[in-house]
Amino acid sequence: MKAIEVEHLRRVFRTTIGVLRRTVKNVVAVDDISFDVAPGELFGLLGPNGAGKTTTVKMLTTLLIPTGGTARVLGEDVVQRADRLRGRIGFIFGGERGLYWRLNGYDNLRYFASLYHVEPETSKKRIPYLLELVGLTDRAKEKVDGYSRGMKQRLHIARTLLHDPEMLFLDEPTIGLDPVGARELRQVIRGLQAEKKTILLTTHYMFEADALCDRLGVINHGRIIALDTPAGLKRHVLDLSVVEIDVFGMPAEALGRVRALPFVDTVSVENVDQKQVLHVQTPQGSAAVPGLMETLSGLRLGKVVVREPTLEDAYVRLVGGEA
Amino acid sequence: MLRTLRINARLFLEGALLSYVALFRWLRPMTYLASKIMMPLASILFFTYLGTYATSAGNASFYVIGNAIQIASVSGIYGVTMSIGGDRWEGTLVYLFGTPANRLAMFVGRAFFHVLDGILGVLIGLGWGVFLLGLDLSQTDFPALLITILATTFSTSGLGLLLGCVSLVSLDTMFVNNLAYFALLIFSGANIPVTTLPGWMAAISWAMPLTRGIAASRGLIAGESLATVAPLIVGEVAVGAVYILLGYVLFRWFEFQARRRGTLEAF
Ligand SMILES: Nc1ncnc2c1ncn2[C@@H]1O[C@H](COP(=O)(O)OP(=O)(O)OP(=O)(O)O)[C@@H](O)[C@H]1O
Ligand SMILES: [Mg+2]
């Protein structure tokens, strides 16, 4: 049996815009998505902002009813069998909301333990264990109000493990964490993976996806555009190299000219302080540099580097330079 | 079966504890106690002097009893809606709806502490009546009066649960609460005898919590027996149960709509 089976899943939101002359607009958040996840697998969902990742996770966690298609998690239909499913899965949506700020960390966990039907004898042992796991033992008796963002996110991780769920949905769990905090959280996720829990993770950090995930699905505009292992996705860009050029002030028309060059595959721009870093994917490698220099002549340029492609480059190529 | 019962009893108690602890993280115990003791005094003095001034001094006990019982509506309405409305601005609804918890136990548990809190408020109010306004309790069947007070705080908390759900569906919480509170002041019979209200207003009175509880308390303090006022008490509990049921139905409707329309994160 598969841990997740998704077939032609679709979700449309009706929104109204305007106060006086109301017009109804349909937003297709998830257009048509199908994929499977095997038990014990750590599956990553990648995609630009608004691609439909959170909407997909909401449907799989019974919080949103699909407009079309079907989804089964742990063999239970997410609509018909929502009640049964809820006790077997855990989920977090990145960010700090969703806790009782006037209660301390321990009491938050206690209340959620009762919501998840955890027996008092079990939770008496489980809560201290989880607090230790997420490094909050010393702060457990303090009001959540005074927690840092990272502490709140770690408390969410503990919350979702209270009932020892078979399957976890983690929507951007490391968002907004400092590098050390994010690394510790990845360590926790690896531990869960070792316990053979099935995990669906969404993230915007490619190295994170690369380091953690067994398989990745890339979504764009509500559709899956690639589904492969990290190594498999990298093969998409094996034939390419990346030329990185620092530019101080990049006009849009110059970017257009670079994109139009025949030997250029995909271009993305990353803003770093006052400069823009151009990532140009090209099959020609360093041979492309003179042509690029010529196209950018007149602009203030910094260093130029030619490097091997990464998972991020594969992703950028897939979503067409939008990231 | 037994396990289900145990799980839900625990959920109920944990919810009660949660709203209790959260309240004290909000108010300091001294502030809470001060308001618990002074608020009944202020409202009883105000309405009793106003009432006896407008009618006659002989009516003091009418106003004292009415306004002492009326105090139940403060915990019932404001306490319970604050506990439920708190979930909205803390963003916990998404996480609550993702749990397998029994919604009724989760929902009703939040009101439990406020029932106790309401009883305490009413007793303090009656105490002030005895000490300052010469309320005579010598004819009173105390256990029966306690039962009446319990029934009344139960029913006002039921109204609170319904209002808490109304506030989830988004109207301005404080506006709705104040509206309900003042409606009770007019319709409960605490200050205006229900018999003097026009027919349609009296009909509203009998559909609201408090009205029967106040009438029963007046009867008991005047020396009537539990058997005489029993129909009023039963009626009060039934009114409370209807409000809880309405609140619960609204809560489930809200949950379903939020999943169907995707409005959960808007709250
Ligand atoms: N409740 C809602 N009502 C209306 N539109 C919505 C709602 N939720 C999401 N959308 C829209 O659906 C689309 C997909 O949103 P979703 O949150 O699933 O994207 P995402 O992939 O999680 O993006 P991000 O990386 O920014 O988190 C967006 O256009 C968004 O505006
Ligand atoms: Mg998202």
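Not measured: the values here are computed from a predicted model. Sequence lines set the chain letters: A, B, ... in the order given, protein chains first and strands last, and positions in each chain run from 1.
Contact check for B:L96 versus A:Y111: side-chain heavy atoms found under the 4.5 Å cut-off.
Of the two parts of A:P120, the backbone and the side chain both hold a non-hydrogen atom closer than 4.5 Å to a non-hydrogen atom of chain B. Only the side chain of A:H156 has a heavy atom closer than 4.5 Å to any heavy atom of chain B. Using a 4.5 Å cut-off between heavy atoms, A:L115 touches chain B through backbone and side chain atoms alike. Of the two parts of A:V12, neither the backbone nor the side chain holds a non-hydrogen atom closer than 4.5 Å to a non-hydrogen atom of chain B. For B:R261, the part lying near chain A is the backbone, with the side chain staying farther off; criterion is any non-hydrogen pair under 4.5 Å.
Pairs engaging residues 146-156 of chain B under the salt bridge (Lys or Arg N to Asp or Glu O under 4.0 Å) rule: none recorded [sequence neighbours left out].
Rounding to the nearest 0.5 angstrom, the gap separating the CZ atom in B:R259 from the CD1 atom in A:I65 is 4.0 Å. Interatomic distance, CG of A:L103 versus CD of B:E90, reported as 7.5 Å (0.5 Å rounding). Between the CD atom of A:E119 and the CZ atom of B:R6 there is a distance of 4.5 Å, given to the nearest 0.5 Å. Between B:L93 atom CG and A:R97 atom CZ the span is 9.0 Å, to the nearest 0.5 Å.
Against chain B, the residues from residues 80-90 of chain A that qualify, each with a non-hydrogen atom under 4.5 angstrom away, are A:A82, A:D83, A:R86, A:G87 in number order. For a heavy-atom cut-off of 4.5 Å, chain A lies close to B:I7, B:R10, B:L11, B:E14, B:G15 in residues 7-15 of chain B.
Within a 6.0 Å sphere centred on CE of B:M30, heavy atoms belonging to other residues, nucleotides or ligands number 12 at most. By the 6.0 Å contact criterion, NZ on A:K2 is open, its count of non-hydrogen atoms from other residues, nucleotides or ligands being 12 or less.
With sequence neighbours left out, the side chain to side chain donor-acceptor pair (under 3.5 Å) criterion links A:D77 to no other residue.
Between chain A and the options B:A105, B:P100, B:A101, the largest number of non-hydrogen pairs under 4.5 Å is found for B:P100.
Ring pair A:F112/B:Y95 is perpendicular by interplanar angle, where above 60° counts as perpendicular and below 30° as parallel.
Shown here for B:R260 and A:R11, the closest heavy-atom pair between the two residues is O-NH2, 2.8 Å. Of all non-hydrogen atoms in B:V94 and A:F93, the two that sit nearest each other are CG1-CE1, 3.9 Å.
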